[in-house]
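None of these values were measured; they are calculated from a predicted model. When reading the values below, keep in mind they use all heavy atoms of this one structure, side chains included, and skip hydrogens, waters and symmetry mates.
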Amino acid sequence: MLKSIISTVAAAALICSFTSAAGPLDDADGAQTLLRKSTRNLETTEDIAANPDPLTVYEQMMKAQGTERDLQVRRGNKGPRPTADSTNTNNNDRTNNNNNDRTVDDGLLDVLDGGCFANPARCGCEHLKHADYRGDLSTTMSGHKCKAWSQAHNFPGEGLEDGAFCRNPLGSGDGAFCFVEDNFAGVHWEYCKVPTCSTLTDGMRTFSEVSSTNSASGMPGCVSRKELIDLEFEVEELLDSLPSLFQRSHHLGGIIRLCAHDFMDFDMSASDQMGADGCLDFDHKNNRGLREIWDEGTPWHTLHKTKHSHMSEPDFWIACAMLVMKLASGGKHDMVHTFLWGRQKASSCRGSGDRLPKGDSCKDSQEVFLDRMGLTWKDATALLGAHTVGRGQNHLSGHHGTWMPNVEKAMQWDKGYYEELVQRAWAPRNMNRDNADFMAGPAESQFPKMMLNTDICLAFDIDTAEDIRCCTNINMINPATGENRCGIFETNQCKRIDSTHPRAESAQAVLEFLGGNTPNGDSTRWYRAFTEAWTKATFNGHNELWPVQESCN
């Protein structure tokens with residue numbers, strides 16, 4: 001309890017320090033140019049070009065951003081697993097993965113040996129034969145109900161005390177299983193259908209050999225270094241050619257949204273997993289507005305058709321989104337060296353629109369990001385930071401406004417989203433309607449500031465109809481009028497998420513991504529976490545991806 005109180009007080013103090021030190025929140029902040037010219041270090045990074053093995057590329061890129069990773073751990077050099085008669089319960093702490101004991105600094109150690117993006121509550125690592133799985137699946141492949149391990153077999157020190165769930169205590173056989181309750185079929189035990197976690201090395205186990213011989217250069221959809229360099233110039237020219245700031249902001253956020261809506265339909269438990277496959281139901285209400293980004297005659301579609309038609313659509317979308325992030329960050333967030341190609345466009349994706357988040361609650365986010373995509377709350381919080389660019393429009397999504405205070409800031413790829421989340425007084429708008437969200441500032445504003453419910457609930461508990469009738473900062477006064485910025489909700493402070501809440505990880509991530517307890521321009525921590533989450537999301541469902549080639553035939 002004391003830990004919970006301390007965490008809550010610390011979070012409140014950090015939020016207050018950002019609010020008080022940031023000065024007046026004036027929408028008339030000085031405009032900056034759309035894109036600060038990038039360093040285009042694809043042309044000059046000889047070390048990366050010499051060894052395009054994606055694991056090495058990923059490691060070099062992360063180290064360049066100040067992140068130290070253990071290659072031996074990520075490449076699979078792990079010590080022996082505990083045996084059935086072991087009395088040491090700590091040999092497999094990394095696999096048991098007690099997330100509650102993590103610190104902010106080791107949050108990037110989600111990647112276990114073998115390159116597995118471990119999430120024990122949701123899935124198991126294939127190379128561990130699901131021995132790390134700690135989820136609540138309690139039925140076998142044939143539907144038999146598991147019995148408690150204490151009633152069946154003794155595996156001391158293997159974390160089986162939590163209930164009658166599917167486990168693989170010795171890391172043997174074909175995966176997680178359980179002993180089952182008495183049945184007429186005479187089945188004593190059976191394997192379970194535990195979802196397999198995605199891995200950084202899915203489909204890439206021979207990439208070092210492939211890269212050294214450049215043997216992927218003749219494959220359909222091949223992408224070369226020169227093509228990516230050219231595409232970066234072309235993306236910058238496309239954005240600069242748009243006639244207004246609003247158009248540029250719309251397309252900045254739009255190409256990223258197109259990508260996200262493509263990969264957010266992934267379901268690791270479905271027979272048709274989908275994922276980043278270039279297939280969307282553009283007529284679905286959750287995809288409204290995306291035809292303005294991708295349709296015959298739109299700038300992005302024309303660029304693909306005229307200059308990069310050999311690239312698959314999902315690869316092209318992902319490459320363009322990554323380049324937009326690089327350009328809009330002034331080259332500070334460069335994920336281009338992690339780009340892999342080989343995704344194929346799906347011919348159909350029936351029901352994909354129904355798998356997308358609707359933006360109305362964190363229950364919705366949990367179903368999409370955690371339950372179906374196999375991500376963590378930190379991953380989800382990092383990906384939602386993409387709202388820092390772009391805007392919503394009434395006639396498209398029903399949500400009108402920008403997450404940033406003005407259109408200029410809505411074209412800068414940085415941690416501004418998290419600063420806005422904790423600084424402003426956000427109050428409900430359009431309650432009990434399909435387009436319910438939160439806004440800050442006068443309701444009659446032509447360009448209001450907004451947050452979706454799925455944004456607010458990363459840091460505040462608005463899970464019930466009563467809890468949502470609140471304001472995130474009831475102490476903010478408008479100096480011009482002397483009125484409380486929360487309006488009719490000025491006495492109802494939204495409850496901040498503490499360390500005992502199921503979404504404690506998301507609230508912690510918000511504070512981590514702020515980069516300190518006073519205003520600063522350091523977006524590095526968000527960039528790192530976003531790169532991790534983006535990699536997982538865009539790799540999901542793909543078993544054969546290839547590194548960028550020196551040349552393509």
Side-chain angles (χ1 to χ4, degrees), residues 4-27 29 359-362 381 384 387 399-406 415-433 435-445 447-504 506-511 513-514 516-519:
S4 171
I5 294 173
I6 292 173
S7 298
T8 304
V9 171
L14 181 52
I15 290 173
C16 288
S17 69
F18 258 85
T19 304
S20 60
L25 295 165
D26 186 358
D27 287 358
D29 294 330
D360 55 3
S361 71
C362 265
T381 305
L384 286 170
H387 283 158
H399 301 282
H400 186 59
T402 60
W403 287 263
M404 294 295 100
N406 52 54
K415 63 169 184 179
Y417 165 85
Y418 305 100
E419 294 175 341
E420 292 294 309
L421 179 60
V422 303
Q423 284 185 64
R424 293 196 183 275
W426 298 102
R429 175 177 69 170
N430 304 324
M431 292 187 66
N432 302 317
R433 299 180 186 175
N435 62 339
D437 54 23
F438 279 67
M439 71 172 296
E444 64 275 8
S445 173
F447 305 112
K449 296 172 285 294
M450 70 161 190
M451 287 273 171
L452 301 181
N453 292 2
T454 45
D455 300 314
I456 297 295
C457 66
L458 296 176
F460 300 92
D461 186 349
I462 57 168
D463 293 351
T464 69
E466 182 62 29
D467 289 337
I468 203 171
R469 300 179 62 84
C470 64
C471 181
T472 62
N473 193 340
I474 62 173
N475 298 317
M476 292 198 69
I477 305 299
N478 186 333
T481 64
E483 297 178 350
N484 192 296
R485 290 186 181 271
C486 292
I488 63 173
F489 300 101
E490 63 178 305
T491 60
N492 301 335
Q493 172 65 47
C494 293
K495 292 185 293 185
R496 296 188 177 96
I497 291 176
D498 63 22
S499 62
T500 66
H501 195 280
R503 291 195 303 278
S506 70
Q508 181 188 27
V510 169
L511 300 182
F513 300 159
L514 289 172
N517 60 2
T518 57

[atom2] on [Y] to [atom1] on [X], rounded to 0.5 Å:
{"X": "N484", "Y": "N478", "atom1": "CG", "atom2": "CG", "result": "9.5 Å"}
{"X": "I477", "Y": "C486", "atom1": "CD1", "atom2": "SG", "result": "8.0 Å"}
{"X": "R424", "Y": "R485", "atom1": "CZ", "atom2": "CZ", "result": "7.5 Å"}
{"X": "D467", "Y": "C457", "atom1": "CG", "atom2": "SG", "result": "12.0 Å"}
{"X": "L421", "Y": "M451", "atom1": "CG", "atom2": "CE", "result": "5.0 Å"}
{"X": "H387", "Y": "Y417", "atom1": "NE2", "atom2": "OH", "result": "6.5 Å"}

Locate the shortest heavy-atom distance separating [X] from [Y]; write the atom from each residue and the value.
{"X": "A427", "Y": "F489", "answer": "CB-CD1, 4.0 Å"}
{"X": "D498", "Y": "T500", "answer": "OD1-OG1, 2.7 Å"}
{"X": "A425", "Y": "N473", "answer": "CB-O, 3.5 Å"}
{"X": "S361", "Y": "T454", "answer": "O-CG2, 3.1 Å"}
{"X": "Q493", "Y": "F460", "answer": "NE2-CE2, 4.3 Å"}
{"X": "C494", "Y": "T472", "answer": "SG-N, 3.7 Å"}

Side chains of [X] and [Y], heavy atoms from C-beta outward: is any pair under 4.5 Å?
{"X": "R429", "Y": "D437", "result": "yes"}
{"X": "R503", "Y": "L458", "result": "no"}
{"X": "P428", "Y": "R469", "result": "no"}
{"X": "L511", "Y": "L514", "result": "yes"}
{"X": "D455", "Y": "F438", "result": "no"}
{"X": "M476", "Y": "C471", "result": "no"}

>> Set out, in order, the CA-CA distance, both residues' side-chain angles and the distance that settles side chain to side chain contact (heavy atoms under 4.5 Å, CB included) for H501 and D463, then state yes or no.
In response: CA-CA 11 Å; H501 195 280; D463 293 351; 3.8 Å; yes
